[in-house]
Amino acid sequence: MNKFYITTPIYYVNAQPHIGSAYTTIAADVLARYYRAQNYDVHFLTGTAEHGTKMATAAKAAGQTPQEFVDTNSRLFKTAWDKLGIKYDDFIRTTETRHESAVKKFFLKLQKSGKVYEDEYQGLYCVGHEAFIKESELDDQGNCPDHARPPEKIKEKNWFFKLSDYADLLKTKITSGEFQIEPPSRRHEVLSFIEQGLEDISISRPHVEWAIPLPWDTSQTIYVWLDELFNYCSAIGYGSDQEKFNTYWPADLHLIGKDIIKFHCVIWPALLEAIGEPWPKKIFAHGFFTVDGQKISKSLGNAIDPLDIANEYGIDTLRYFMLRDIPFGSDGDFSHARLKARYNADLANGLGNLVSRTLNMIEQYSISPLTKGGLRGVKELDSQHPIDNLQSKIDTHIQNLAFDKALAAIWNIISQADELIEETKPWELVKSAGKTPGVNAKTPGVDEARVKLEQVLSQLYQSLVAINEHLAPFLPDTHAKLTDLLAARPIKKPVNPLFARKK
Ligand code: ME8
């Protein structure tokens with residue numbers, strides 16, 4: 001059985017889940033559901049990052065111990081993902097023993113690699129990023145441009161990792177495609193970063209208490225970013241469950257946002273190389289959301305709670321809008337007006353309307369028998385059926401993570417079905433059709449209107465079956481409801497709209 005190991009970033013718990021973290025996690029959920037349906041052994045990992053100064057400071061501000069704080073806030077993520085119908089296989093927290101003990105083993109191995117040395121670090125550290133920052137990256141006021149705060153000036157003893165040794169190997173594996181970075185714009189960004197010259201990186205800190213102690217020098221703790229990256233291995237049993245680790249590692253896909261590509265595309269593979277483990281196969285960095293044209297920031301207070309959207313419109317609308325409106329990989333705006341417009345046009349008028357129209361006509365016009373394969377006597381229409389190539393189109397789009405195109409292919413079937421209704425006007429056919437349903441279906445020419453009516457409704461029904469099947473990974477709730485509707489005989493009259501229009 002083929003396996004598919006997919007991960008999201010593990011999110012900092014000093015912020016609540018917002019549409020950004022929901023975006024990556026929903027996209028991963030769609031892929032996990034798709035590959036499960038293709039009979040892959042899927043392992044979908046998400047989780048929370050809980051160490052570091054940022055967390056300790058936020059805990060203090062909340063009047064809690066760091067452990068209390070991270071326990072409460074990590075739960076918020078779990079609850080949010082559960083409410084959004086995300087079916088992860090594992091949720092890792094960096095404060096769990098299974099993670100901490102694996103990280104210590106990883107560091108001991110790293111030390112043995114001969115790529116670690118002690119030195120003095122002098123420079124600037126941005127707590128918001130939990131990363132060192134260069135003077136040249138600051139704005140005119142000397143602040144970190146992303147966090148609008150000055151970085152800390154640091155002069156301290158650190159342990160270092162010889163990242164500079166890996167520049168050539170990284171370039172070779174990235175350009176040959178052995179290590180895939182998508183989309184191409186991000187690959188070029190990583191290559192030009194490497195081209196500018198890689199510096200060694202600090203892997204430990206002396207004054208950060210809320211972190212994992214460095215196994216060979218307890219005056220230091222492990223730099224949180226390295227602790228976090230290792231979650232992808234600790235969660236699948238690195239150093240404790242070799243069989244599970246061998247089953248899933250290397251990861252097939254790390255899904256991340258564009259903000260953290262250097263960590264994932266440069267530092268992470270170099271660390272893995274140093275400890276003798278294979279690199280992840282592919283990293284895909286998606287774009288960033290703005291909200292109504294503005295960057296999401298704590299100071300603007302414009303973070304959107306995905307659960308608010310789900311409560312107002314339903315989980316599937318949130319999933320649909322995020323993946324349909326913005327090509328995955330590009331930046332995009334999360335605008336309420338666009339969300340409502342998409343909802344009304346594509347879900348209420350498009351899919352919802354087609355479902356109720358078709359099923360109500362089948363019931364009203366007494367079209368039967370109806371099976372999953374469609375009605376009898378309709379073979380001649382099958383050859384031109386628009387659903388013929390849908391599966392292969394969707395497979396290609398999913399492989400490219402072009403969720404918008406996969407959804408557009410499904411919605412194309414909806415448009416074609418709508419056109420078929422407008423062209424053939426079943427409500428007129430039924431007026432001239434024979435009174436006894438199905439009697440003349442096998443003898444065209446005797447009752448052409450009824451044959452045509454059965455053909456049309458059969459084709460519409462088959463379209464709904466195909467649409468429903470392909471919707472499953474994207475809109476799981478809608479898929480469950482539609483599956484019930486398609487199976488029900490006799491159907492309730494009238495079929496309630498799947499999506500009520502919003503004013
Ligand atoms: O960076 N639009 O955690 P984090 C789209 N702990 N996606 C967004 C977004 C936006 N506006 N804002 C955030 C960390 N994201 C580390 C990760 S992994 C080993 C450690 C998403 O809570 C996107 O996936 O800051 C981004 O990469 C991630 O949240 C950053 O999450």
Side-chain angles (χ1 to χ4, degrees), residues 6-29 31 45-55 58 70 73-74 76-77 80-81 86 91-95 99 102-103 106 126-131 144 146-147 186 211 222-236 251 253-269 271-272 280 283-298 300 302-306 318 321-323 325-335 401 403:
I6 178 166
T7 68
T8 71
I10 47 169
Y11 305 107
Y12 287 127
V13 293
N14 67 322
Q16 302 210 349
H18 59 70
I19 49 162
S21 41
Y23 186 41
T24 325
T25 316
I26 286 173
D29 184 59
L31 291 170
L45 175 71
T46 187
T48 44
E50 306 183 0
H51 287 128
T53 312
K54 190 153 75 168
M55 250 39 76
V70 298
N73 286 21
S74 175
L76 293 179
F77 280 83
W81 301 158
I86 287 161
F91 188 103
I92 182 97
R93 300 180 53 194
T94 55
T95 53
H99 175 72
V103 168
F106 155 54
C126 170
V127 175
H129 277 122
E130 288 288 14
C144 161
D146 291 330
H147 296 97
R186 298 293 158 216
I222 290 170
Y223 173 39
V224 288
W225 251 105
L226 272 52
D227 152 4
E228 290 168 22
L229 283 166
F230 205 68
N231 88 87
Y232 302 131
C233 290
S234 68
I236 51 165
L253 179 62
H254 289 319
L255 266 195
I256 58 169
K258 65 174 186 177
D259 54 331
I260 51 180
I261 52 171
K262 281 181 209 159
F263 290 103
H264 283 82
C265 303
V266 178
I267 298 176
W268 182 223
L271 289 168
L272 287 164
I283 310 236
F284 192 105
H286 63 68
F288 254 44
F289 278 129
T290 47
V291 170
D292 294 323
Q294 286 187 303
K295 192 172 160 179
I296 303 175
S297 84
K298 270 201 165 167
L300 287 172
N302 61 348
I304 295 179
D305 184 341
L318 177 71
F321 175 69
M322 283 180 162
L323 298 175
D325 213 55
I326 299 146
F328 204 62
S330 308
D331 290 337
D333 192 42
F334 195 103
S335 117
L401 279 78
F403 301 111

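We count ligands from 1, going down the list as the structure has it; atoms in each ligand are counted the same way.
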Between the protein and ligand 1, are there any N or O atom pairs that come within less than 3.5 Å of each other, and if so, what are their names and distances?
residue, atom, partner, partner atom, Å
ligand 1, 2 (N), Phe289, N, 2.9
ligand 1, 6 (N), Ile10, O, 2.8
ligand 1, 6 (N), Glu228, OE1, 3.0
ligand 1, 7 (N), Gly20, O, 3.4
ligand 1, 11 (N), Phe289, O, 3.2
ligand 1, 22 (O), Tyr12, N, 2.9
ligand 1, 24 (O), Thr24, OG1, 2.7
ligand 1, 24 (O), Gly257, N, 3.3
ligand 1, 27 (O), Gly257, N, 3.0
ligand 1, 27 (O), Asp259, OD1, 2.7

Test of understanding: with ring pair (Phe, Tyr, Trp, His ring centres under 6.0 Å), list the residues that count as partners of Tyr23, not counting sequence neighbours. His286, Phe289, Phe328
The ring pair (Phe, Tyr, Trp, His ring centres under 6.0 Å) partners of His18 (sequence neighbours excluded) come to none
Backbone of Gln16 reached by a side-chain donor or acceptor of Asn73 within 3.5 Å: no
Look at the side chain of Glu130 and the backbone N and O of Thr53, then say whether any donor-acceptor pair between them is shorter than 3.5 Å. yes
For a 4.5 angstrom cut-off between non-hydrogen side-chain atoms, does Thr46 reach Tyr11? yes
Partner set under side chain to side chain contact (heavy atoms under 4.5 Å, CB included) for Thr290, not counting sequence neighbours: Asp333
